[in-house]
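What follows is a single structure, written as structure tokens, with notes after it.
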Protein chains: 2
Amino acid sequence: MDSARLDATFAALADPTRRAILARLALGEASVNELAEPFRMRQPAISKHLKVLERAGLITQGHAGQRRPRRLAPEPLVHASQYLEGYRQFWEASFANLDALLQTLK
Amino acid sequence: MDSARLDATFAALADPTRRAILARLALGEASVNELAEPFRMRQPAISKHLKVLERAGLITQGHAGQRRPRRLAPEPLVHASQYLEGYRQFWEASFANLDALLQTLK
DNA sequence: CTCGTGAATAGTCAAATGGTTATCTATCTG
DNA sequence: CAGATAGATAACCATTTGACTATTCACGAG
């Protein structure tokens with residue numbers, strides 16, 4: 001529905017670093033340094049990725065002392081999933097046609 | 001699984017023009033000019049978008065005379081959908097928690 | 001063969017991305 | 001108060017993106 005929202009969500013998902021961050025956050029909230037640790041990348045680069053994720057609404061940030069732990073937010077994932085579900089009819093039909101074709105060739 | 005594949009798929013989906021093209025192609029194959037018609041945009045711009053979609057494997061091109069009709073390809077949509085499904089557990093738990101919270105507040 | 005049309009390609013350009021280093025801000029701790 | 005540490009922000013740079021115009025390529029029709 002809201003096109004700009006989907007733009008931001010899919011753009012955020014189109015990067016392996018950011019997907020890895022989301023995967024990590026699915027296990028529970030984490031600080032910036034914890035999120036940065038697996039990557040050969042400086043902290044400001046991670047902060048930039050986090051800003052992209054935040055602008056897409058995929059994460060929210062808390063504020064506990066000098067830490068700002070991030071946590072995963074579900075809504076954009078749901079919207080993106082629903083968008084793709086709109087094509088389910090299409091791809092099931094495609095595979096059904098392929099099946100039919102293979103049957104006739106047999 | 002294949003990260004570069006998901007990169008290309010999500011990047012391709014992160015643009016409203018390209019999503020509109022996919023929506024059009026879900027109704028059946030179409031030529032470049034037919035795809036370009038709804039947009040205030042020149043034909044080469046559309047060709048570039050089509051190249052992005054093709055690199056992502058979201059469309060294939062036929063070759064009928066001087067037309068190269070595009071058609072929608074299902075696989076990347078399936079993969080993207082499966083990727084998001086991996087978070088379903090997470091978001092259902094999130095919403096369940098929210099429900100529970102609302103219950104206790106009531 | 002020549003012309004018209006569908007589409008691709010080349011070249012240009014401005015803006016956005018994704019990284020860097022250096023610095024600043026805020027909080028915890030001795 | 002004086003560090004040390006978590007993280008943000010600024011400034012910079014190279015690459016990519018998304019549009020444009022102009023041109024070229026490929027095919028079909030007269």
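To find a chain, count down the sequence lines: A is the first, B the second, and so on, and within it residues start at 1. The figures that follow rest on heavy atoms only: side chains count, while hydrogens, waters and symmetry mates do not.
In this structure the side chain of B/L13 reaches within 4.5 angstrom of the side chain of A/L84, judged on heavy atoms. Between A/V52 and A/L58, the closest side-chain pair of non-hydrogen atoms is not below 4.5 Å.
With B/R18 contributing its side chain and B/A11 its backbone, the two residues share a donor-acceptor pair below 3.5 Å. With hydrogens and angles ignored, the 3.5 Å screen pairs no side-chain donor or acceptor of A/S81 with any backbone N or O of A/L77. Within the 3.5 Å criterion, the main-chain N or O of B/A23 finds a donor-acceptor partner in the side chain of A/Y87.
With sequence neighbours excluded, the residues satisfying salt bridge (charged side-chain N to carboxylate O under 4.0 Å, His left out) with B/R19 are A/D7. Contacts of B/R88 classified as side-chain hydrogen bond (donor to acceptor under 3.5 Å, both in side chains), with partners at least two apart in sequence or in another chain: B/E85, B/E92.
Bracketed by its first and final contacts, the part of DNA chain D lying under 4.0 Å from non-hydrogen atoms of chain B reaches from D/dG18 to D/dG28 in 5' to 3' order.
With rounding to whole Å, A/Q61 atom CD is found 13 Å from C/dA26 atom C1'. The separation between A/R67 atom CZ and C/dA26 atom C1' is 14 Å, rounded to whole Å. Between B/I21 atom CD1 and C/dA7 atom C1' there is a gap of 14 Å when expressed in whole angstrom units. Between the CD1 atom of B/I59 and the C1' atom of C/dA7 there is a distance of 13 Å, given to the nearest Å. In this structure, B/E37 atom CD and C/dA7 atom C1' are separated by 17 Å, rounded to whole Å.
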Taking N or O atoms only and anything under 3.5 Å, show me the protein contacts with nucleotides 28-30 of chain C, one pair per line.
residue : atom : partner : partner atom : Å
C/dC28  : O4'  : A/Q66   : OE1          : 3.0

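Taking the six-membered ring where tryptophan is involved, the planes of A/F10 and A/Y83 are perpendicular, since the angle between them exceeds 60° and thus also 30°.
Contact detail for A/P74 and B/S94: the closest heavy-atom pair is CG-CB, 3.8 Å. Across every non-hydrogen atom of B/G57 and B/A73, the tightest pair is O-CB, 3.3 Å.
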Heavy-atom contacts, protein to nucleotides 12-20 of chain C, under 4.0 Å, summarised as B (base), S (sugar-phosphate only) or - (none) per nt, yield ------BBB
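Screening residues 20-29 of chain B for salt bridge (Lys or Arg N to Asp or Glu O under 4.0 Å) gives B/E29-B/R71 as the qualifying pairs, with residues at least two apart or on separate chains.
B/N33 has no side-chain polar atom (N or O) that falls below the 4.0 Å cut-off from OP1 or OP2 of C/dT5.
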